[in-house]
Amino acid sequence: MERNEGKTAVIILAGGKGERFGYEKPKQFAKIAGRTIIEHTIEKFEEHPLIDEIYVVVNPHYYDLMIEIVKRNQYRKIKKILYGGDTRQVSSRIGVYALEESIRKVLIHDAVRPFIKTNIITNIIKKLDTYSAVDVAIPTSDTIIKVDDKQYIKEIPDRKYLRRGQTPQGFIRDIIYKAHKLAESEGFENAPDDCTLIARYKLGKIYVIDGDELNIKITYPHDVYIADRVFQLNRLSILDFADIANIKNLLRRLEKKVLVIFGGTSGIGKEISNIGEEEKAFVYPFSRKTGVDVRRYDCVNKALQDVYERHGRIDLVINTAGILKISPLTTASIDDIKEQIEVNLLGSMYITKASMPYLKESRGSITLFTSSSYTRGRENYSPYSASKAGVVNFVQAIADEIHDMGIRINAICPERTKTPMRVKNFGMEPEETLLHPKTVAYVTLITALSNITGQIVDVRKTREEKILRDLGLI
Ligand code: CTP
Ligand code: MG
């Protein structure tokens, strides 16, 4: 309904100098994970289905750089790029005054918060059906104290009612317009955020939704290290990128697709293969059993070549081949160490390299496998952990390399799963604590068909398995 009543825009504030950060350019132009911070931020809104237009307010000295970034990325939603003012509030005002009449809801966001999650954006926009101002905040784990000029404690407010504000903040355009007009006539220019103005002029109730600990504002030099790590460790759920109610329709897109699965004859690979068959894809499962050893580039290459010769295309390549040998390093055999690195890491690299020419043609995707041990190596399976950390690093690097070819690459990170490999290594474990391999198979296919790239996708029993069960798929 609200879609007919006006558009939704976001104002991205990038007018600051980043003095505390102290980089050669304003911090929004510093690079993290291969791209500038502002690119990461803009993309969140560019890709959000409920955002119609993007307004960027930029420091005038960096206007040309901003234009260059917009051109390079071919963003479709950028409506205006505006010169910022001396304070955040003035930059925000410039953005609000520039909004076109057709806009009813507006979000105002700091360019230097690149980790904003899709579901928070959605939540703000929905809440604006009921409220005219919405703030995003998180509880504080530190005790907040109020001091006086002499460094004495004046007050210790009850932590239960304290929150730390983040952005975006959302508003009905008329209301925030009025707030900025009132501030301008009063000569007030130093509000730290936009909700402050709504409160100052008593323009309505401000509803607060839950923010996210990881939605940090990059402020000081050390924040880059934290941000880098957040990028590296950030994982997605299918909830972040797939339309859950429509999963069955999404899976129908497998029909007539050419699907190649390495490690496809047992465990998770076999389940993927079965679903592919059910959905009428052309499925090619390979494994050592079929004479394809992923440790050998020539084998992998030949397998793909054969498929291409038969069908004239390859759409999706998935690698579930993986090996785990439990043993402390002191007693591990050299062969075992080598095999794990070769199968898990080199195999993933060979498959990716050999698939590229075909996937470039079909604008297809590659899906690899990592494990939760990638974030921190696990005792007694160090080569395995290292190989899985390697896969994540590889996916992140390759996603950027092949982006322009239209190929996507991601890795699936399942919790403990009931596979033959797991049972062999860990013996019997309580069934109810293990993921069903079919759950992992569905998440893998949903990821392979989506438009995300460079991501690590989590699979959890309490979340994804529950969703798939509710849909009657498991
Ligand atoms: N901002 C703005 N115009 C200003 C000042 C700030 O658009 N005149 C934007 C910043 O670009 C940033 C957001 O407001 O995205 C939050 O401000 P802050 O973190 O304080 O950024 P800077 O002002 O750039 O940094 P500093 O205060 O360290 O100089
Ligand atoms: Mg500032």
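We count ligands from 1, going down the list as the structure has it; atoms in each ligand are counted the same way. Values in this document were obtained by computation on a predicted structure and should not be read as measured data.
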Are Glu100 and Lys79 within salt-bridge range, i.e. N to O under 4.0 Å? yes
Excluding sequence neighbours, so at least two apart, what forms salt bridge (Lys or Arg N to Asp or Glu O under 4.0 Å) with Arg416? Glu429
Can you find a side-chain donor-acceptor pair between Thr122 and His48 that sits under 3.5 Å? yes
Ring-plane angle category for Tyr23 and Phe21, please: parallel below 30°, perpendicular beyond 60°, tilted otherwise. perpendicular
Across all chains, not counting sequence neighbours, the ring pair (Phe, Tyr, Trp, His ring centres under 6.0 Å) partners of Tyr83 are Tyr63
For ligand 1, give me the residues whose heavy-atom distance to it is below 4.0 Å, by chain and number please. Leu13, Ala14, Gly15, Gly16, Lys17, Gly18, Glu19, Arg20, Lys27, Gln28, Gly85, Asp86, Thr87, Arg88, Ser91, Asp110, Ala111, Val112, Lys217
Which pairs of donor and acceptor atoms, one on a side chain in residues 203-212, lie under 3.5 Å apart (sequence neighbours left out)?
residue: Asp212; atom: OD1; partner: Leu214; partner atom: N; Å: 3.1
residue: Asp212; atom: OD2; partner: Lys117; partner atom: NZ; Å: 3.0

